[in-house]
2 protein chains.
Amino acid sequence: MTVTLADVAARAQVSPATVSRVLNGNYPVAASTRERVLRAVDELDYVLNGPASALAAATSDLVGILVNDIADPFFGIMAGAIQSEIGGPGGRAGGERLAVVCNTGGSPERELTYLTLLQRQRAAAVVLTGGAVENEPHAAAVAAKLRKLTAAGTRIVLCGRPPAPDTDAVALTFDNRGGGRELTEHLIRLGHRRLGYIAGPEERTTTRHRLEGHRAALAAAGVEDDPRRTVHGPYDRRAGYEATLELLRRDPTLTAVVAANDSVALGACAALRESGRRIPEDVSVAGFDDLPFSIDAVPSLTTVRLPLAEAGARAGRIAMGREEPPPGGIAMIRGELMVRGSSGVPRG
Amino acid sequence: MTVTLADVAARAQVSPATVSRVLNGNYPVAASTRERVLRAVDELDYVLNGPASALAAATSDLVGILVNDIADPFFGIMAGAIQSEIGGPGGRAGGERLAVVCNTGGSPERELTYLTLLQRQRAAAVVLTGGAVENEPHAAAVAAKLRKLTAAGTRIVLCGRPPAPDTDAVALTFDNRGGGRELTEHLIRLGHRRLGYIAGPEERTTTRHRLEGHRAALAAAGVEDDPRRTVHGPYDRRAGYEATLELLRRDPTLTAVVAANDSVALGACAALRESGRRIPEDVSVAGFDDLPFSIDAVPSLTTVRLPLAEAGARAGRIAMGREEPPPGGIAMIRGELMVRGSSGVPRG
DNA sequence: GCGCTTGCTGCAATCGCTTGCTGCACCGCT
DNA sequence: AGCGGTGCAGCAAGCGATTGCAGCAAGCGC
């Protein structure tokens, strides 16, 4: 029914071994033989059996990419960049590898399950993106799983995620703390003293780091850090909308709202506008990430640009072994403050 | 080194066959035996070898999803919905399947290469999303490939893509023509007569259909259809920005700009604003797709909502054989006109 | 008590490819 | 002419699961 290596071998009048070698190209084969084989492959329209090959060679050409939410451009951009480097068709790399994008939805269990699934497939590499959940047992379970994967020859890269201790996973971490700090410093410099902060979900590292940066800036400037000015919620627009209403209820005199990310900031803008406040005349707004739509917001969003595509590409190359990991296996990637229209000097 | 079925079997004092049957759960196994096996699996921390299993069973648990651009929420949303239905961890489906998301970048060659790669992996199903390229040889090549995949037992579903003739691929097609027509009818009804149209890349079906709908509306209303009022470009913000400047250059008296999709519309808004025009007082703008950010545009975008998540979910279920394909294997999915702030009555 | 059905379990072949090792020409050197 | 080298090709042993078929024990009817 389906064409196998043996069929090709028969047609080309060589042994299956030779066909395999021609196809894998890592063994000397005489030019004439090679050509005969390739012709046979072509004539029979032969397609290698991936599973069989993976079984025999004990490695597959699958690369896993774990993301929290594939519909979120934050992850989409990274995933795209990673994929373009791991050498799917059209990528600069040689081999043709398939990217397996796994949507964890931010759930720790799914994260583990997906790692197991990738282990089962004997993935060549796995890139984990996005913040980690701060939960000791889970972190330990993930670390154990990563160690097992590494032992099985799977390369592990963390992209935009804190390093995993006791693991030899390479980590490209975003400087969320520094970015958060810079952003708030900028607002303080403009004269803001009553700043609301819309944080992400409590248990995520990204949330904590950005918030810590914010607080560090407040502390350094001697600005009071009223805990009632911080609200937690998911990383989406709706959360920003609702959190902003809540913040305004608690303190209608806020002059600035710092959001956990750009989507949240957009929701905040909507809420502020509905409450009759102008941006930035009445209230300044700041986001984080600098996703493509941020520049189109009206006014355009002051935010911290994270080089998502660059980081993803680098992670992809490292995962493929085409680039040296950073010294110590850890690199801190800084964001860049983008001052735009949504932040201004407070009135009065 | 790595634990195999045989190891588990030895530990549970049964044959490998029995272990396999316990794991696959499709064969009678005594409860006591089953439990013993599961305990052994657990104690040894056994992970099934995917490739070996796929080889022996001649099917894998991989499902391919082809998208044009994973960083674009249009595709991200569909991919996420598809994935949630194909039964990865946390999905409602039983088996645990892995979604392979392939970024074609809109390139026909990559599309074919990816299909071959998926064929190689013996994918259980493949979902192709987004418009097709209108190019006879390529369409024929894709159809041939799809036929081969089907013959190998891979289920094929097209999601948001026109049917593929001579193929038994199930097609869930968006009614781009109808949506385009409704949108333009809406603008005409408001009183617009000089409408610019920013179309997508020439060779894509989506582009053509939306444009045809636009023209049909013009024709039906007896509005002149000056070809100089149509500009083609990529489906991104920047293209919208540049195309708008070009349209204004050609005819500064335009009262409305219809964009190929929401991203393009956002670019158009930016260009209009920079040229000193107000939206919608001076110029109305309309998009297509109703991506999440459209409602946050200022003013919020009049557009055609496409039920991306629903369509993706349905495609996923059909791909998994958990839902009956539509009669004839083809379903037309309609969009819904969302009238919002960016469209209004033209002045004068 | 015998034979037959029913319900599990095991044997062993098979899936299609990779790769270490052996084997065979042929070449160039002495 | 003899000999070591070199360059290709083939043999055959796996890789780790699945599954058709055989086998065996217990249960049941007559």
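Everything numeric in this text was worked out from a predicted model, so none of it was measured. Every chain is numbered from 1 and lettered A, B, ... according to where its sequence line falls, protein lines coming before strand lines.
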B/Arg120 CZ to C/dG16 P: how many Å, rounded?
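Atom CZ in B/Arg120 sits about 16 Å away from atom P in C/dG16.
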
Nearest-Å distance, CG (A/Leu55) to C1' (C/dT18)?
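Checked: the CG to C1' distance equals 10 Å.
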
The contact string for nucleotides 6-14 of chain C, one letter per nucleotide 5' to 3', using protein heavy atoms under 4.0 Å with B, S and - for base, sugar-phosphate only and none, comes out as --SBBB---

Any side-chain to backbone donor/acceptor pair from [X] onto [Y]? Under 3.5 Å, distance only.
{"X": "B/Thr154", "Y": "B/Ala123", "answer": "yes"}
{"X": "B/Asp42", "Y": "B/Leu38", "answer": "no"}
{"X": "A/Thr205", "Y": "A/Ala132", "answer": "yes"}

Does one side chain, of B/Asn49 or A/Gln121, offer a donor that lies under 3.5 Å from an acceptor on the other?
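No pair is found: no donor N or O on one side chain lies under 3.5 Å from an acceptor on the other.
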
Give a yes/no answer on whether the side chain of A/Asn49 brings an N or O atom under 4.0 Å of OP1 or OP2 in C/dC15.
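Looking at the OP1 and OP2 atoms of C/dC15, neither is under 4.0 Å from any side-chain N or O of A/Asn49.
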
Name the residue from B/Glu111, B/Arg110, B/Arg161 that meets the side-chain contact (heavy atoms from CB on, under 4.5 Å) definition with B/Leu66.
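Between B/Leu66 and the candidates, side-chain contact (heavy atoms from CB on, under 4.5 Å) is satisfied uniquely by B/Glu111.
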
Between which nucleotides of DNA chain D, read 5' to 3', does contact with chain A run, using atoms under 4.0 Å from its heavy atoms?
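Span of nucleotides near chain A: D/dC8 to D/dG16.
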
Any carboxylate oxygen within less than 4.0 angstrom of a Lys/Arg side-chain nitrogen, looking at [X] and [Y]?
{"X": "B/Asp45", "Y": "A/Lys148", "result": "yes"}
{"X": "B/Glu134", "Y": "B/Arg204", "result": "no"}
{"X": "A/Glu85", "Y": "A/Arg322", "result": "yes"}

